[in-house]
Amino acid sequence: MNKAESFKNSFLSTNCDKFSLKTWILRLLKDVSFETVTKMADSIRREIHGDTVHLRAIIEFSNYCKCNCLFCGIRRENRKLSRYRMSEEEIVKVAKEAAEEGFKTIVLQSGEDPFWNAERLSKVVREIKKLNVAVTLSVGELSYDEYAVLREAGADRYLLKFETSDEKLFKRLKPDTTLDRRIQCLRWLKELGYETGSGIIVGLPGQSLESLAADIALMKELELDMAGIGPFIPHPETPLGIYPVGDVFLTLKILAITRILLPRANMPATTALGSLSPDLRLKAFYCGANVIMPDVTPERYKNLYEIYPGKNQSKSSYSYWKNVFKNVGRKVL
Ligand code: SF4
């Protein structure tokens with residue numbers, strides 16, 4: 001057992017030994033100060049991951065989506081949005097430029113777009129793998145066989161957020177699927193050997209601290225390799241457009257608790273935090289985060305992948321982030 005794990009365990013046994021996981025998470029959320037929790041998370045991050053920040057270039061290659069999630073700006077019923085699909089050649093070209101700049105991982109993200117079936121996407125994955133980079137996919141729910149085809153093509157990692165573990169809330173917010181189906185997909189991905197990532201949105205209308213504690217417990221139960229935690233940001237062209245932004249300090253505290261529970265996971269400082277303020281995104285690196293995912297999608301498409309407003313303000317170049325982290329004593333990979 002390393003120092004961070006024994007630190008975590010001694011904290012847990014002193015404070016919460018008779019309680020279930022969810023109960024002590026709730027206790028951390030309610031009774032332990034932001035400073036205490038984030039300091040613990042930062043110390044675990046430093047011990048396990050050092051001062052290295054992983055840069056992952058994200059390409060949002062299609063904003064078509066067959067789903068109608070209530071919180072999402074690219075939901076199928078947002079008819080005000082112009083839709084785009086990058087071609088296979090365009091995607092590979094952008095990936096090549098990113099790899100030449102220094103990025104070691106390319107993340108391919110899209111809505112659930114039936115045009116981009118597993119067979120078509122696997123050709124792109126094969127091409128990008130020739131660039132000697134890791135490939136992460138984030139293209140939603142597929143069948144076991146489709147995930148297998150993409151894995152076979154060389155995809156290394158897969159991101160599929162479950163957003164909330166509250167079954168009723170999930171059903172209301174994601175009417176095209178179920179929480180069970182989502183969890184099943186995550187288990188398939190693990191079974192197929194993907195490094196598997198998921199995550200949540202903090203501040204969804206109808207969410208409670210109890211349900212957030214259950215979300216963190218579920219991320220732990222799934223033993224995720226990657227965990228993303230971002231605040232809810234209302235999009236005006238969605239049914240949730242009138243609700244307030246999620247609490248950013250609660251978001252950072254949840255990030256920190258998740259780091260304590262999943263010391264080895266890769267955890268991004270999410271774009272959603274950066275959309276609210278670049279300082280918040282940097283602050284996440286002192287609350288447990290060790291990954292940043294600059295958006296390298298071509299400018300002409302970037303503004304159209306607006307899952308929430310303000311998403312595309314952040315800088316994308318490798319050298320920009322290298323300098324930012326150099327200035328705070330971190331190195332990038
Ligand atoms: S959250 Fe994902 S699945 Fe839901 S509408 Fe947005 S892109 Fe589609």
Side-chain angles (χ1 to χ4, degrees), residues 58-86 91 107-118 121 136-143 146-147 150 157-186 188-189 196-207 215 226-241 243 245-246 251 268 270-273 275 293 295 297 301-312:
I58 185 161
I59 305 173
E60 294 156 341
F61 63 93
S62 165
N63 71 350
Y64 281 87
C65 190
K66 65 180 185 186
C67 301
N68 217 15
C69 304
L70 268 66
F71 51 83
C72 179
I74 69 168
R75 64 201 299 269
R76 69 168 184 267
E77 278 182 13
N78 182 3
R79 306 203 199 288
K80 291 195 178 159
L81 182 68
S82 302
R83 304 283 170 169
Y84 73 89
R85 270 186 198 113
M86 289 170 64
I91 301 169
V107 183
L108 298 179
Q109 185 166 61
S110 69
E112 294 206 6
D113 180 358
F115 172 87
W116 278 105
N117 57 30
L121 190 55
T136 303
L137 297 176
S138 176
V139 299
E141 293 181 15
L142 301 172
S143 68
E146 288 168 314
Y147 287 140
L150 291 163
R157 309 178 185 133
Y158 204 102
L159 300 173
L160 185 73
K161 282 191 172 186
F162 61 79
E163 323 288 12
T164 173
S165 63
D166 177 328
E167 232 174 310
K168 273 193 193 154
L169 187 60
F170 186 101
K171 203 173 160 55
R172 192 159 64 80
L173 299 181
K174 293 182 77 69
D176 304 276
T177 184
T178 63
L179 181 61
D180 280 354
R181 160 104 184 133
R182 202 85 176 165
I183 304 298
Q184 178 63 75
C185 287
L186 287 166
W188 283 339
L189 290 163
T196 304
S198 190
I200 60 167
I201 302 176
V202 177
L204 289 163
Q207 201 173 35
D215 294 348
M226 300 172 279
I229 292 126
F232 168 69
I233 302 178
H235 190 296
E237 298 303 329
T238 66
L240 303 187
Y243 288 91
V245 171
T251 305
T270 55
T271 315
L273 275 171
S275 302
M293 293 163 63
D295 184 353
T297 310
Y301 302 127
K302 238 181 200 177
N303 289 335
L304 299 175
Y305 204 91
E306 197 189 55
I307 47 183
Y308 46 79
K311 179 180 151 285
N312 297 312

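As the structure lists them, so they are numbered: ligands from 1, and atoms in each ligand from 1. In what follows, every heavy atom counts, from backbone to side chain, and hydrogens, waters and symmetry copies are set aside.
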Could you list the atoms of ligand 1 found under 4.0 angstrom from a heavy atom of [X]?
X	answer
I74	7 (S)
F71	1 (S)
R75	5 (S)

Nearest-neighbour protein heavy atom for atom 8 (Fe) of ligand 1, which is reported as residue plus atom name and distance: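 Among all protein heavy atoms, the one nearest atom 8 (Fe) of ligand 1 is C65 SG, 2.2 Å.
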
So, [X] side chain and [Y] main chain: donor-acceptor pair closer than 3.5 Å or not?
X	Y	answer
N78	G73	yes
Y308	A272	yes
K302	D295	yes
S198	F162	yes

Any I307 heavy atom less than 4.0 Å from ligand 1: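 Checking ligand 1 against I307, which is what was asked, there is no heavy-atom contact under 4.0 Å.
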
Flag for D180-T178: side-chain donor and acceptor within less than 3.5 Å: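 Checked: T178/D180 side chains show no N/O donor-acceptor pair below 3.5 Å.
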
Backbone or side-chain N/O/S of C67 under 2.8 Å of atom 4 (Fe) of ligand 1: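 Under 2.8 Å: C67 has no N, O or S contact with atom 4 (Fe) of ligand 1.
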
Atom 5 (S) of ligand 1 protein-contacted (non-hydrogen atom, under 4.0 angstrom):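 Answer yes: something from the protein, a heavy atom, is under 4.0 Å.
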
Ring centre gap for Y147 and Y158 strictly below 6.0 Å: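 Aromatic pair counts; centres sit under 6.0 Å.
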
